[in-house]
Q: 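Provided herewith is a single structure, encoded as structure tokens, for subsequent inquiry.
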Number of protein chains: 2
Amino acid sequence: MRLVVARCQVDYAGRLSAHLPMATRVLMLKADGSVLVHSDGGSYKPLNWMSPPCTVKEGTADDGRAEWVVTSKTDDTLRILIEEILHDTSHDLGVDPGLQKDGVEKHLQELLADHPATIADGLTLVRREYPTAIGPVDLMCRDADGFSVAVEIKRRGEIDGVEQLTRYLELLNREPLLTTKGPVRGIFAAQEIKPQARVLAEDRGIACALVDYDALRGLDDPTERLF
Amino acid sequence: MRLVVARCQVDYAGRLSAHLPMATRVLMLKADGSVLVHSDGGSYKPLNWMSPPCTVKEGTADDGRAEWVVTSKTDDTLRILIEEILHDTSHDLGVDPGLQKDGVEKHLQELLADHPATIADGLTLVRREYPTAIGPVDLMCRDADGFSVAVEIKRRGEIDGVEQLTRYLELLNREPLLTTKGPVRGIFAAQEIKPQARVLAEDRGIACALVDYDALRGLDDPTERLF
DNA sequence: GTCTCGATCTCGCTT
DNA sequence: AAGCGAGGTCGAGAC
């Protein structure tokens with residue numbers, strides 16, 4: 001890992017063209033050849049970058065200034081024209097052990113699979129990831145009256161999720177095994193449901209269920225937590 | 001901008017929980033208080049981070065080791081436990097003039113608006129960003145037979161885009177002015193169309209059109225290019 | 001402010 | 001390897 005602070009101008013040509021005027025920035029050169037150009041703001045996304053695999057060639061422009069050219073296999077190029085280097089250090093970081101995550105949609109699905117009644121009273125699980133021709137339904141359940149219930153789970157419930165569940169319901173309602181009692185019901189379960197998504201769901205006869213993630217976690221054995 | 005290389009352990013708690021075991025990493029502390037934790041690999045995304053607005057508090061853990069705690073307004077916290085600092089420098093970067101881009105979907109739309117016949121023979125433009133209740137249609141056109149044609153443009157055509165166009169068509173077909181000759185036709189135009197999107201489009205009676213961006217650029221005056 | 005949609009998205013998993 | 005869905009998405013533009 002090499003860290004460089006320099007006055008530089010950056011031009012990218014690849015899937016699009018992008019240009020950064022001359023200014024002082026941080027250049028992060030990673031061991032795999034990738035380069036990140038960061039400024040003192042924005043969020044974690046660099047102003048410009050080149051993803052690995054790629055190679056850096058340090059050369060000289062026509063006017064004698066230093067120019068680094070980063071090229072990828074796919075002919076993308078990042079040209080860094082350097083006017084002045086203010087800082088330049090290299091560091092051996094070793095291999096990173098990597099990130100452990102907990103709490104994304106998959107986990108939400110696991111928790112709801114264990115406690116389906118929190119979605120709607122009397123709901124019992126038939127199976128998770130119930131397969132259809134266009135992809136698996138998150139939870140297939142049955143309600144107290146014996147109706148089949150397809151549950152789509154999202155962290156944030158938006159219009160796309162309702163569309164997805166609608167497509168599933170269309171297919172599921174063609175399966176005689178699921179519709180013995182009547183049409184398959186749909187429930188859209190999310191930690192947060194956007195107004196437009198709620199309107200669309202109601203329009204399609206789909207129920208909405210707000211999920212309380214913290215309460216669900218509380219139902220589980222606390223010793224099962226990751227760290 | 002402060003650059004720190006340190007042996008550290010990082011824990012994030014917010015919308016999810018994430019943990020990084022002790023290892024040597026680069027910590028980038030930006031002027032707005034945001035923090036990025038980078039390793040010597042991956043692409044531009046940090047292993048862990050805190051987005052602004054947030055504040056860093058440098059303190060000491062129970063065992064005497066340094067601990068930096070980064071907190072956001074929304075109660076997200078990033079704890080960095082530091083075992084050893086290998087490098088620590090600060091730099092004044094000033095304000096960045098920012099990035100200029102060229103070649104994104106907007107340009108594709110501009111080019112296709114100028115040359116609608118490249119989407120389908122005989123197509124003429126009625127207007128760009130034709131408004132509907134749920135958002136604007138990219139291009140509203142008319143074909144040689146006088147039928148209205150709604151065009152949705154994507155760089156990469158996926159299933160969401162077909163859904164979007166379907167919703168538009170549903171609304172447009174309620175407008176008598178557009179349906180004098182018959183129902184509004186839909187065309188899904190993209191540089192690349194995923195198989196599932198193509199199948200869904202066909203199922204909905206929506207035509208697909210592959211767009212050749214470079215050929216379109218060639219139709220335009222080359223002196224108009226940005227850089 | 002909120003909401004919507006694109007992205008050199010990135011990342012991870014499945015086929 | 002390619003496709004597809006999710007993201008602590010981020011970011012820009014519209015309303």
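Just so it is clear, the model here is predicted, and its values are computed rather than measured. All chains are named by letter (A, B, ...) in the order of the sequence lines, taking the proteins before the strands, and each is independently numbered beginning at 1.
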Q: Would you mind telling me which of dT10(C), dC9(C), dA6(D) lies closest to the side-chain atoms of Lys154(A)?
A: dA6(D)

Q: Could you tell me the separation between the CD atom of Glu158(B) and the P atom of dC4(D), rounded to a whole number of Å?
A: 7 Å

Q: Would you mind telling me which of dC10(D), dA6(D), dT10(C) lies closest to the side-chain atoms of Tyr44(B)?
A: dT10(C)

Q: May I have the distance from Asp160(B) (atom CG) to dG7(D) (atom C1'), rounded to whole angstrom?
A: 14 Å

Q: Starting from the 5' end of DNA chain C, give me the residue, Met50(A) or Pro46(B), whose nearest nucleotide shows up first.
A: Met50(A)

Q: Under a 4.5 Å cut-off applied to non-hydrogen side-chain atoms, are Leu172(B) and Ser148(B) in contact?
A: no

Q: Specify the residue among Asp76(A) and Ala197(A) whose closest nucleotide of DNA chain C lies further upstream toward the 5′ end.
A: Ala197(A)

Q: If you assign each of Gln164(A) and Lys106(B) to its closest nucleotide in DNA chain D, which residue comes earlier from the 5' end?
A: Gln164(A)

Q: Side chains of Glu163(B) and Gln164(A): is there a donor and an acceptor less than 3.5 Å apart?
A: no

Q: How many whole angstroms separate atom CG of Asp96(A) from atom C1' of dC11(C)?
A: 16 Å

Q: Would you indicate which nucleotide in dC11(C), dG5(D), dC9(C) comes nearest to any side-chain atom of Ser43(B)?
A: dC11(C)

Q: Can you figure out which of dG5(D), dA7(C), dC5(C) approaches the side chain of Tyr168(B) most closely?
A: dC5(C)

Q: Using OP1 and OP2 only, check whether a side-chain N or O of Arg156(A) sits under 4.0 Å from dA6(D).
A: no

Q: Is there a donor in the side chain of Lys30(B) and an acceptor in the side chain of His38(A), or the other way round, less than 3.5 Å apart?
A: yes

Q: Just the rounded figure in Å: distance from C1' of dG5(D) to CD of Glu152(A).
A: 10 Å

Q: With a 4.0 Å cut-off on N to O distance, would you call Asp203(B) and Arg167(A) a salt bridge?
A: no

Q: Measure from the side-chain heavy atoms of Lys45(B) and tell me the nearest of dA6(D), dA7(C), dT10(C).
A: dT10(C)

Q: Looking for any heavy atom pair under 4.0 Å, which part of the strands does Ser51(A) touch: base, sugar-phosphate only, or nothing?
A: sugar-phosphate

Q: Which heavy atom in Leu169(B) sits nearest to a heavy atom in Arg185(B), and how many Å separate them?
A: CD2-O, 3.7 Å

Q: I need the CG-P distance between Leu200(B) and dG5(D), as an integer number of Å.
A: 11 Å

Q: May I have the distance from Gln109(B) (atom CD) to dA7(C) (atom C1'), rounded to whole angstrom?
A: 16 Å

Q: How long is the line joining CD of Gln191(A) and P of dG7(D), in whole Å?
A: 10 Å

Q: Whole-Å distance between dA7(C) P and Lys101(B) NZ?
A: 8 Å

Q: When the nearest nucleotide of DNA chain D is assigned to Trp49(B) and to Lys194(B) on a heavy-atom basis, which residue is associated with the more 5' position?
A: Lys194(B)

Q: Establish, with yes or no, whether the OP1 or OP2 oxygen of dC9(C) is under 4.0 angstrom from a side-chain nitrogen or oxygen of Arg155(B).
A: yes

